[in-house]
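To start, the structure itself, in structure tokens.
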Amino acid sequence: MTKIAVISDIHGNTTALEAVIEDAKQAMVDEYWLLGDILMPGTGRKNILDLLATLPITVRVLGNWEDSLWRALHRKLDETRPSHRYLLRQCQYILEEVTPEEIEALQEYPLQVHRHIGELKVGITHHLPDKNWGRELIHLGKQEDFDRLVTNPACDIAIYGHIHQQFFRYGSGGELILNPGSIGQPFFLAENLRKDLRAQYMILEFDEKGLKDVDFRRVDYDVEGELQLARDLQLPYYQVYYESLVNGIHHTHNQDLLREIAQQQGHDEELDAWLRGNS
């Protein structure tokens with residue numbers, strides 16, 4: 001019997017991650033699979049990396065926010081674009097505690113991993129096998145894109161993250177496709193579903209016959225405590241973080257709003273000073 005906690009899309013939400021790990025320990029999981037998007041835009045920095053280092057994580061894959069952090073570190077973003085300036089300012093915040101070498105180490109994670117458990121082959125990605133960003137695998141995605149998860153190469157079960165929604169469906173050949181949801185930023189289109197923004201993850205239980213159980217978990221955590229931590233740490237773009245945790249609305253691509261916040265809260269000046277000092 002093997003119990004695996006599948007965790008994804010933490011996005012720096014320190015308090016939610018702590019609650020999920022406590023829940024997983026009470027469930028007596030044996031190991032963890034980490035599906036990417038560890039840091040940004042939440043409060044967590046070195047503390048999250050240190051916490052994850054204490055866990056028996058046996059699978060790690062590369063998320064798109066790891067790529068964004070690396071690109072920000074190396075100034076490979078457009079400094080005139082509000083959403084890119086948002087990422088650069090988040091990187092500045094991360095670098096107050098996390099070294100460039102630690103960011104480089106995250107970049108070494110693979111895009112795809114396969115594990116054999118008994119006779120089952122499991123494919124693990126953040127998004128597609130060759131592309132960890134995009135919208136192909138949302139609930140309205142094309143069947144042929146989902147089939148890429150189980151045919152590239154062939155596997156019996158595919159697990160991916162990225163879309164911030166717990167998900168259960170099948171490939172064209174009957175293969176199982178699962179998504180554990182997001183620990184730090186659950187997402188729903190339907191307004192009534194956004195009333196439940198508990199941290200999400202998944203526990204898989206395997207026995208001698210195969211996959212015995214898929215347990216989609218939702219864990220309460222102290223949202224106000226996380227927001228207070230964000231205020232104490234002077235988290236950049238606090239309003240954006242508040243909206244994602246309280247209302248389930250994500251503004252990371254809202255160029256006008258990000259420009260307005262950066263100007264009103266002084267993030268533009270902070271970022272420009274940092275960029276000049278590190279040029």
Side-chain angles (χ1 to χ4, degrees), residues 4-13 16-17 20 32-42 44 48 52 57 59-72 83 86-87 90 106-107 109-115 122-152 155 157-171 175-189 193-194 197-202 204 214 216-218 240-241 244-245 248-253:
I4 301 166
V6 183
I7 59 177
S8 187
D9 296 276
I10 301 164
H11 285 288
N13 190 331
L17 176 62
V20 163
Y32 294 76
W33 293 353
L34 177 60
L35 273 55
D37 283 7
I38 300 167
L39 303 175
M40 298 197 307
I48 280 185
L52 292 174
I57 299 175
V59 169
R60 295 174 173 85
V61 294
L62 181 69
N64 59 299
W65 279 68
E66 278 79 62
D67 284 340
S68 293
L69 179 58
W70 184 89
R71 288 172 63 82
S83 59
Y86 168 78
L87 292 171
Q90 295 290 339
L106 297 176
Q107 195 66 20
Y109 294 173
L111 285 174
Q112 184 180 43
V113 173
H114 283 86
R115 287 284 305 272
V122 184
I124 304 120
T125 58
H126 181 70
H127 188 233
L128 290 165
D130 57 353
K131 178 174 174 280
N132 62 5
W133 57 274
R135 294 175 54 82
E136 290 90 343
L137 300 182
I138 63 173
H139 66 289
L140 294 175
K142 298 177 181 178
Q143 183 65 44
E144 53 261 38
D145 285 322
F146 285 98
D147 287 344
R148 292 172 63 187
L149 294 172
V150 293
T151 60
N152 188 21
C155 61
I157 301 170
I159 301 171
Y160 75 103
H162 187 59
I163 65 168
H164 294 210
Q165 293 178 321
Q166 292 176 325
F167 209 74
F168 187 117
R169 67 173 291 163
Y170 292 93
E175 306 92 345
L176 184 60
I177 299 173
L178 302 169
N179 192 305
S182 170
I183 289 177
Q185 294 184 327
F187 172 75
F188 301 96
L189 285 175
L193 293 179
R194 288 201 297 269
L197 297 175
R198 287 175 289 182
Q200 302 172 351
Y201 80 110
M202 174 175 72
L204 303 179
V214 178
F216 288 113
R217 311 275 284 194
R218 296 191 179 186
V240 175
Y241 195 52
S244 67
L245 267 57
I249 299 173
H250 307 287
H251 294 296
T252 53
H253 298 289

Inset, instruction - Report the C-alpha distance between Y160 and L128 in whole Å, list the side-chain angles of each, state the deciding distance to 0.1 Å, and finish with yes or no for side-chain contact (heavy atoms from CB on, under 4.5 Å). - result: CA-CA 8 Å; Y160 75 103; L128 290 165; over 6 Å; no
So how far is it from [X] [atom1] to [Y] [atom2], rounded to the nearest 0.5 Å?
{"X": "L193", "Y": "Q165", "atom1": "CG", "atom2": "CD", "answer": "9.0 Å"}
{"X": "L140", "Y": "L189", "atom1": "CG", "atom2": "CG", "answer": "8.0 Å"}
{"X": "Q166", "Y": "R217", "atom1": "CD", "atom2": "CZ", "answer": "11.0 Å"}
{"X": "N13", "Y": "Y241", "atom1": "CG", "atom2": "OH", "answer": "3.5 Å"}
{"X": "L35", "Y": "N179", "atom1": "CG", "atom2": "CG", "answer": "7.5 Å"}
{"X": "I249", "Y": "S244", "atom1": "CD1", "atom2": "OG", "answer": "10.0 Å"}

Legend entry - Any donor-acceptor N or O pair under 3.5 Å, side chains H164, H11: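 Yes, because at least one side-chain N or O of H164 sits under 3.5 Å from a partner of the opposite role on H11.
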Legend entry - Centroid-centroid distance, F167 to F146, less than 6.0 Å: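 They qualify: ring centres under 6.0 Å apart.
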Which heavy atom in [X] sits nearest to a heavy atom in [Y], and how many Å separate them?
{"X": "S8", "Y": "G161", "result": "OG-CA, 3.6 Å"}
{"X": "I38", "Y": "L106", "result": "CD1-CD2, 4.2 Å"}
{"X": "V59", "Y": "I57", "result": "O-CG2, 3.3 Å"}

Legend entry - Residues that N132 engages under side-chain hydrogen bond (donor to acceptor under 3.5 Å, both in side chains), provided they are two or more places apart: D67
In the structure I gave you, are the side-chain heavy atoms of [X] and [Y] within less than 4.5 Å of one another anywhere?
{"X": "Y170", "Y": "L176", "result": "yes"}
{"X": "L34", "Y": "V61", "result": "no"}
{"X": "D37", "Y": "E66", "result": "yes"}
{"X": "I7", "Y": "L52", "result": "yes"}
{"X": "R148", "Y": "D130", "result": "yes"}
{"X": "V240", "Y": "P41", "result": "no"}
{"X": "I177", "Y": "L137", "result": "no"}
{"X": "H126", "Y": "D9", "result": "yes"}

Inset, instruction - Give the intermediate values and the outcome of side-chain contact (heavy atoms from CB on, under 4.5 Å) for residues W33 and V122. - result: CA-CA 12 Å; W33 293 353; V122 184; 3.8 Å; yes
Inset, instruction - For the residue pair H127 and H162, categorise the inter-ring angle as parallel (less than 30°), tilted (30 to 60°) or perpendicular (more than 60°). - result: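 It falls in the tilted class, 30° to 60°.
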Inset, instruction - Taking only Lys NZ, Arg NE, NH1 and NH2, and the carboxylate oxygens of Asp or Glu, determine whether E136 and K131 approach each other closer than 4.0 Å. - result: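 Salt bridge present between E136 and K131.
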